[in-house]
Structures are given as C-alpha cells and as structure tokens.
Amino acid sequence: MDLNNITPENELEVEILEDLKSGRSKEVITRCPPEPSGYWYIGHVKAWTINFETAQKFGGKTYLRMDDSNPTKEDGEFADSYMADLEWLGFKPKALVYASESYFDKIYDIAEKMIKNGDAYVCELSAEEVSASRGTLTEPGKNSPYRDRTPEENLKLFREMRDGKYPDGSKTLRAKIDMSHPNINMRDPIMYKIARQHHYRVGDKWCIWPQYDFVHPMEDCLEGTTYSLCDKGFQDHRIVYEWFVQHGWGKPYAPKQREFSRLTIENVLTGKRWLKQVVNSGLVNGWDDPRFPTLVGVRRRGYTAKALKDFVRSVGWGSTIEVTVPYSALEYYVRNDLNQIATRAMVVMEPLKVVITNYQGNGEDIEIENNPNDENAGKHKARFGREIFIEKEDFSLNPPPKYNRLVEGGIVRLKGAYIIRCNKVIYNEKGEIDHLECEYIPESKSGNDTSNIKCKGTIHFVSADNFFEITIRNIKSLVKPEFVSPAKALAEGAKIEDILEPDSLTESKAYAENFLKNAKVEDKFQFMRKGYFCMDKDSTKDNYIFNNTISLKDGFKK
RNA sequence: UGGGGUGUCGCCAAGCGGUAAGGCAUUGGACUCUGACUCCAACAUUGCGUAGGUUCGAAUCCUACCACCCCAGCCA
C-alpha cells in the first residue's frame with residue numbers, strides 16, 4: 001500500500017498517516033468491541049463504520065471482540081446476533097473473539113505482574129467505603145489503608161481471591177495510581193472484583209472479574225489494536241487507558257485511544273434500558289419491530305445498510321460529545337438508496353372503481369418499468385381493461401388549485417396505459433360516490449401515443465382482472481413528535497406510555513397488481529406515487545404484508 | 001470551586017493567518033407517462049460565543065471573559 005496515495009479526511013487519519021510513515025504503527029488494527037448485552041441500534045453503525053472503514057482505508061483489519069467481562073449483564077443471544085448484523089452491514093471482521101475466553105488468562109497474568117511491580121494492591125474496603133474515600137469532583141480522595149501492603153502479601157491475597165477464598169464484594173484489586181489526582185478516574189481504579197456469577201461463555205471458571213478501565217486496554221494490547229476508537233464518553237478515561245498500557249503492557253507499538261461523537265437522532269428513542277421497557281410492556285412486537293431503532297428493526301422496516309452507512313458518514317466524526325441530527329437527515333439517505341434499487345409497482349390504497357364505458361375487449365397487457373433509474377431492471381406486465389381501480393384521492397369533485405388529477409369532465413393519464421376522461425360520477429343510495437364512468441382515448445396508449453393530447457397528470461391504477469389484496473403496515477414515528485429527545489424526557493420522569501404515539505403502527509388493505517405475488521421477504525418496492533415498501537416476514541401465502549418503509553417526498557402544495 | 005471537552009447558517013460540517021466549502025432542511029423555478037428522481041437558483045452581505053489585542057490582513061495567533069456538555073459503578 002502506497003501511503004502517498006492516501007488522502008486523510010480527518011485528524012485521526014492525519015495522525016495514522018504520520019504514525020505509519022514514522023514507523024510507530026506497522027499497520028492499522030481496530031476493533032469492534034460490543035458488550036453482548038443488547039441489540040445494536042443505529043448509533044452503533046457509526047462506531048462500527050468508523051472502526052471498519054478507517055482500518056480498510058489503510059489496508060488494515062478489524063476484530064469483532066465481545067467485551068464480555070461483566071457476567072451479570074451478558075448473554076449469548078446478543079453475541080450471536082452481532083455476526084449477522086455485521087454481515088448485513090457489509091463488514092467482515094478478521095476474526096470473532098470472546099475476551100472472556102481468549103484474554104482472561106493473560107490479563108490475569110498481567111495483573112500478577114503489576115502486583116509484583118507494585119502497581120496494584122488488594123483493597124478490603126467495602127463498595128461504600130471505596131466510594132466515600134474517592135473524594136469528590138473538587139476534593140481529593142483518601143488513600144486506602146490497604147494501599148501499602150507488600151507485593152508478596154498482595155500476590156498471596158490476590159491468588160486467594162481468584163481461588164474463591166473470599167466472599168463476593170469483600171476485596172478488590174486496585175491500581176495504585178493517585179488518590180488525589182484531579183481526574184477522578186485515576187484515583188486507584190478497581191481492576192478486579194469478586195463475584196460468583198455464571199458466565200455465558202466461561203461458565204464458573206472465574207469468581208473474579210476484570211473491570212473496564214483495566215480490561216479494555218489490555219484486550220486492545222493483546223489483540224494488537226493500534227487505534228482504539230470509542231465514543232467521547234470515554235474521553236476522560238484516556239489518561240487511565242494510557243496508564244494501564246504503560247504499566248500493564250509496557251511495550252512499544254501500544255494502542256492509542258481516540259474518540260468520536262455519539263450520534264443521536266431527534267425523536268428516536270434509544271437506550272437499552274428504555275427499549276427493554278418498551279419491549280417488555282408489549283407496546284411493540286419484539287426487538288425487531290419495524291418501528292424500533294434497532295438494526296434488526298430498521299432492517300425489517302426496509303432501511304438498507306448502505307443508507308445507514310451513507311448517513312453516518314455524512315454526519316462525520318463529530319466534535320462535541322453528542323451530535324443530534326433531525327430524522328430527515330437519515331430519511332434522505334434511505335430514499336436515496338431505495339430510489340436506486342426498489343422495484344416499481346402499482347398499488348391502490350383506497351380504491352375507487354372506474355368503468356371504461358367505451359372499452360369493449362377483454363383487457364390487454366401493458367408494461368411497467370421496474371426502475372426508471374436503472375435501465376437493466378427491465379419491465380413487467382400489468383393489465384388494463386374495462387374495469388379498473390384508481391386511488392380515491394386521485395379524483396376530486398372540488399379540486400384545489402393546481403390539482404392535476406381526475407376531475408369531472410377532465411382527463412388524466414393512467415400510468416403505462418391510456419388517457420381517460422371522466423364523464424359521469426355515479427352515486428349510491430347514501431349519496432356517496434360509487435364509481436366513475438370514463439372513456440378512454442384509444443390513440444393515447446403509452447409507447448405509441450398518436451393522440452397529441454397534453455395531459456398534466458399521471459396516476460397509478462390496478463385492473464380488476466389483475467389485482468389481489470395485500471396488507472399494508474403503516475408506520476409512524478414510535479415517539480410523539482413533540483418529544484425531540486425522548487430519552488431525556490424519560491430521564492426527567494415522563495412515562496413511556498405518554499411519549500409513545502398510540503397508533504404508530506396500523507394495518508390497512510390495499511389492491512396490488514398481481515406482479516407483487518412474486519415478492520419475497522425483505523424485497524423492496526416503490527409503490528408508485530405512494531412510497532417505499534418492504535415485504536415483512538410475517539407474510540403468508542394468503543396474506544402478503546408490506547411495511548411502509550418511508551413515503552415519497554410530496555411536492556404538491558395544497 | 002476540580003478534571004476533561006465544545007462553541008462557524010434552523011441541523012450537521014469544512015476551514016489550521018490571506019479575505020466564510022459542502023450536505024440536510026427550507027424557498028423559488030425547470031423538467032417529468034411517479035406532483036418522485038434529476039436539474040437550476042436563493043439561503044452566514046465584514047458575520048465564525050463575547051470583549052480586547054497582535055497583524056497590511058484573523059474564524060484561524062494572544063489575553064480575558066461567557067455559555068453549554070461529560071465525569072465521583074466493585075457498568076461498559
């Protein structure tokens with residue numbers, strides 16, 4: 001790889017380039033280190049995109065590493081979902097490693113080494129006492145009375161901790177740094193705690209567990225990570241990270257921790273704790289509910305991996321701890337990608353029957369382009385005949401200004417077929433419109449129109465001999481629009497039920513052209529003039545279900 | 001009152017001493033057999049948190065101030 005051909009696009013890349021040129025780094029190794037304790041959501045895409053793509057850019061690699069050092073929160077169910085999510089996103093990790101299995105032994109050895117070096121000690125303060133002696137933001141902490149034990153004594157105690165000689169919570173291993181350090185994270189952080197807890201991977205092998213500030217840098221070192229990229233929430237842990245790299249690892253080519261902004265989206269509920277509550281309350285249908293911001297949720301809804309990645313790239317690295325963007329920023333990329341790949345089809349949501357009074361035959365085939373933006377997408381057959389259905393809203397008795405759909409006595413083009421003129425409105429006993437009587441203009445057929453009639457509007461339709469009924473799932477924002485920061489509202493005491501939109505998911509029936517019978521789960525369509533839809537996994541042979549991924553932009557000013 | 005950060009258009013975001021990129025949103029308009037897409041135009045008028053200073057010249061350097069965010073788990 002020729003470093004001179006690489007154009008750095010942010011400060012980190014500038015730094016990496018310098019490190020590579022100076023020889024500080026031999027290659028770029030990053031990691032994707034989820035704690036397997038919940039499903040990923042859109043925010044994770046940013047973290048993984050940054051980690052995978054910076055490595056890729058410099059010809060490096062990325063490991064998927066389960067950061068599973070807390071047995072009380074972790075679960076194999078989640079760990080298993082991550083490989084699938086990553087594959088869907090299009091990222092290929094160099095390997096999948098479980099920190100608990102691959103690194104705990106070595107990390108234990110490092111801890112012993114640190115004890116021998118006088119960098120760690122066994123402390124017998126209770127959790128409350130540790131907290132009380134840590135000091136406050138403005139006052140220094142106090143040294144633990146156990147701080148000055150000899151390395152021999154510490155080593156003996158630590159081994160006994162490991163061997164299960166002491167009850168849970170009775171002792172900890174602490175780093176000997178500085179109890180009066182202005183950064184609280186440096187005040188003798190806990191390296192190991194005692195907790196008899198079954199672990200989803202390593203079972204009951206351990207009763208002592210390494211803590212984040214210690215375990216994370218050591219995992220990075222053992223793995224060969226050169227750049228440990230995390231969110232800005234860890235910015236004031238960087239100094240601790242570097243301390244452990246120096247005192248625990250102590251070799252050259254140590255990793256560097258660098259931080260990017262967390263990404264949040266207006267009006268989207270995030271936070272494991274809240275999402276879990278919503279799932280448990282039954283207000284949604286599981287973690288992959290199409291209204292949910294989880295990856296499995298947005299995927300089911302019909303969002304694409306490309307859209308998500310384009311979106312997070314557009315937001316950038318970020319400078320503040322958290323960057324909040326409007327939902328429309330995401331939607332732009334969703335529409336953008338779907339517009340390129342979605343197959344066009346005609347579906348009538350609220351049918352209004354139209355009889356073509358001057359049409360005599362048994363109907364005829366017409367052709368519809370599968371995707372006008374992709375010439376290789378081909379066409380599919382649809383039908384036109386004496387009886388068709390159009391959208392109710394495409395006919396008006398009292399048309400607003402600039403309404404260029406069907407009106408009494410007016411004309412409109414049927415997509416892919418003919419121009420029709422509305423001659424008569426037929427009402428039922430209740431005085432409602434029952435159907436329309438129209439005539440078609442035989443010379444106006446799409447493809448060989450010799451009629452010379454200029455027609456402003458084109459509407460979609462289905463023919464009575466070429467449709468079947470489908471189910472549409474209409475999806476609105478899960479959260480009421482006034483809650484721009486739902487997690488904040490909840491933290492301030494709002495109730496889940498109060499911030500959620502009551503009818504965020506509704507079902508309705510629609511008439512779809514028969515072509516849609518070929519659809520498979522996760523196939524993406526544009527129902528012309530309506531929006532993008534994705535076939536849901538709940539579909540059966542007799543009931544095709546489509547999720548409304550997103551509407552089309554509507555430029556019609558009423 | 002400690003430490004770590006950040007302040008450039010409604011929202012993101014370039015810029016790193018030479019006279020305010022770009023994207024989203026918005027508003028006009030063109031095109032259109034999807035009122036989509038696409039295209040074109042407008043959108044910080046000495047303005048880059050504020051006040052001073054240095055300089056021929058500052059968002060960029062210096063000084064002081066102000067505002068906002070994060071940190072006191074044996075969570076990650």
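Being a predicted model, the structure only gives us computed values, none of them experimental. Per chain, numbering begins at 1; letters A, B, ... match sequence-line order.
Under 3.5 Å, the side chain of A/E139 and the base of B/U1 form no donor-acceptor pair of N or O atoms. Remark: the A/R405 side chain and the B/G35 base include a donor-acceptor N/O pair separated by less than 3.5 Å. Side-chain N/O atoms of A/N183 and base N/O atoms of B/G4 include no donor-acceptor pair closer than 3.5 Å. You'll find a donor-acceptor pair under 3.5 Å spanning the side chain of A/D236 and the base of B/G3, going by distance alone.
One P atom belongs to B/C37, the other to B/A72, and the distance between them is 46 Å to the nearest Å. Atom name P, nucleotides B/C16 and B/G49: the rounded distance is 16 Å, in whole Å. Rounded to whole Å, the separation between the C1' atoms of B/C48 and B/A14 comes to 12 Å. Taking atom C1' on both B/G4 and B/C9, the two are 29 Å apart, rounded to the nearest angstrom. Rounded to whole Å, the separation between the C1' atoms of B/U55 and B/C70 comes to 37 Å. Comparing B/C12 with B/G2, their P atoms sit 28 Å apart, to the nearest whole Å. On the P atoms, B/G10 is 22 Å away from B/U6, given to the nearest whole Å. B/G22 and B/C43: their C1' atoms are spaced 14 Å apart (whole Å).
Residue order along RNA chain B, read from the 5' end via each residue's closest nucleotide, puts A/T324 first among A/Y403 and A/T324. Of the two residues near RNA chain B, A/I190 and A/K445, the one whose nearest nucleotide lies more 5' is A/K445.
At a threshold of 4.0 angstrom between heavy atoms, the contacts of A/G416 include nucleobase atoms, whether or not backbone atoms are also involved. A/Q526 comes within 4.0 angstrom of a nucleotide base, judged by non-hydrogen atoms across all strands. When heavy atoms are screened at a 4.0 angstrom cut-off, A/Y333 is found touching the sugar-phosphate backbone but no base atom. A/S126 comes within 4.0 angstrom of a nucleotide base, judged by non-hydrogen atoms across all strands. Heavy atoms of A/S328 sit under 4.0 angstrom from primed sugar atoms or phosphate atoms, though from no base atom. If you check every strand for non-hydrogen atoms under 4.0 Å, A/G318 touches sugar and phosphate atoms only. Within 4.0 Å (heavy atoms only), A/G169 reaches at least one base atom of the nucleic acid. Residue A/A329 is in sugar-phosphate contact alone, with no base atom involved, counting any heavy-atom pair closer than 4.0 Å across all strands shown.
For B/A76, the base is not stacked against the aromatic ring of A/Y212, per a cut-off of 5.5 Å between centres and 30° between planes.
B/U55 is unpaired under the criterion used here, namely a Watson-Crick or G-U wobble arrangement in which both key atom distances are under 3.5 Å. The partner of B/A41 is B/U27, judged by Watson-Crick or G-U wobble contacts that both fall below 3.5 Å. Using Watson-Crick or G-U wobble geometry with both donor-acceptor distances under 3.5 Å, B/U19 finds no partner in any strand shown. Pair check for B/C48 finds none; no Watson-Crick or G-U wobble contact set falls under 3.5 Å.
Side chain of A/E35, nearest nucleotide from B/C75, B/C12, B/C70: B/C75. Considering only side-chain atoms of A/K402, the nucleotide from B/C74, B/G35, B/G2 that sits closest is B/G35. The side chain of A/L137 sits closest to B/G2 out of B/C37, B/A76, B/G2. With B/U34, B/U6, B/C12 as the choices, the nucleotide that has an atom nearest any side-chain atom of A/T320 turns out to be B/U6. Nearest nucleotide to the A/P372 side chain, out of B/U34, B/C12, B/C74: B/U34. Of the candidates B/U34, B/C11, B/U38, B/U34 carries the atom nearest the A/T458 side chain, counting heavy atoms from C-beta on. Nearest nucleotide to the side chain of A/Y332, out of B/U1, B/G23, B/A72: B/G23. Taking only side-chain atoms of A/R134, from C-beta outward, the nucleotide of B/A72, B/C11, B/A36 with the closest atom is B/A72. Set against B/C71, B/C37, B/C12, the side chain of A/N373 has B/C37 as its closest nucleotide. You'll find that the side chain of A/R344 is closest to B/U34, out of B/A36, B/U34, B/C12.
Taking atom CD1 on A/I321 and atom P on B/C68, their separation rounds to 16 Å, with Å as the unit. Rounded to an integer number of Å, the gap from CG of A/N10 to P of B/A21 is 22 Å. As rounded to whole Å, 12 Å separates atom P of B/U34 from atom CE of A/M346. Between A/N267 atom CG and B/A25 atom P there is a gap of 16 Å when expressed in whole angstrom units. Between the CD1 atom of A/I390 and the P atom of B/U34 there is a distance of 17 Å, rounded to whole Å. Across the protein-nucleic acid pair, A/H460 atom NE2 and B/G35 atom C1' stand 12 Å apart, rounded to whole Å. Atoms CD (A/E259) and C1' (B/G5) sit 10 Å apart, rounded to a whole Å. Put simply, CE on A/M528 is 16 Å from P on B/C37, counting in whole angstrom units.
Looking at A/I550 and A/R335, their side chains come closer than 4.5 Å, going by heavy atoms from C-beta outward. A/T30 has its side chain within reach of A/T54: a pair of non-hydrogen atoms, C-beta onward, lies under 4.5 Å apart. The closest side-chain heavy-atom distance from A/V240 to A/P189 is below 4.5 Å.
Of the listed residues (A/D394, A/T458, A/D554), just one forms a side-chain contact (heavy atoms from CB on, under 4.5 Å) with A/R529, and that residue is A/D394.
Under a cutoff of 6.0 Å and an axis angle of 45°, A/K256 and A/Y227 do not form a cation-pi pair.
For the OP1/OP2 pair of B/G35 and a distance below 4.0 Å, the side-chain nitrogens and oxygens of A/R529 include at least one atom meeting the criterion. Taking side-chain N and O atoms only, A/K193 has a distance below 4.0 Å to OP1 or OP2 of B/C75. For B/G73, the OP1/OP2 oxygens have a side-chain nitrogen or oxygen of A/S131 closer than 4.0 Å. Taking only side-chain nitrogens and oxygens, A/S319 never comes nearer than 4.0 Å to OP1 or OP2 of B/G5. Applying the 4.0 Å criterion to OP1 and OP2 of B/G73, one finds that A/Q211 has every side-chain N and O outside that range.
Expressed to the nearest 0.5 Å, how far CZ of A/R313 lies from NZ of A/K46 amounts to 13.0 Å. One finds the CG atom of A/L157 at 10.5 Å from the OH atom of A/Y146 (value rounded to the nearest 0.5 Å).
For CG of A/N452, the number of neighbouring non-hydrogen atoms (other residues, nucleotides, ligands) closer than 6.0 Å is 12 at most. Other residues, nucleotides and ligands place no more than 12 heavy atoms under 6.0 Å from the NZ atom of A/K142.
Look at B/G5: its glycosidic torsion is beyond 90° from 0, and that puts it in the anti range.
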| Where do A/E11 and A/R258 land on the salt bridge (charged side-chain N to carboxylate O under 4.0 Å, His left out) test, with the steps shown first? | CA-CA 10 Å; A/E11 280 180 30; A/R258 294 294 180 267; over 6 Å; no
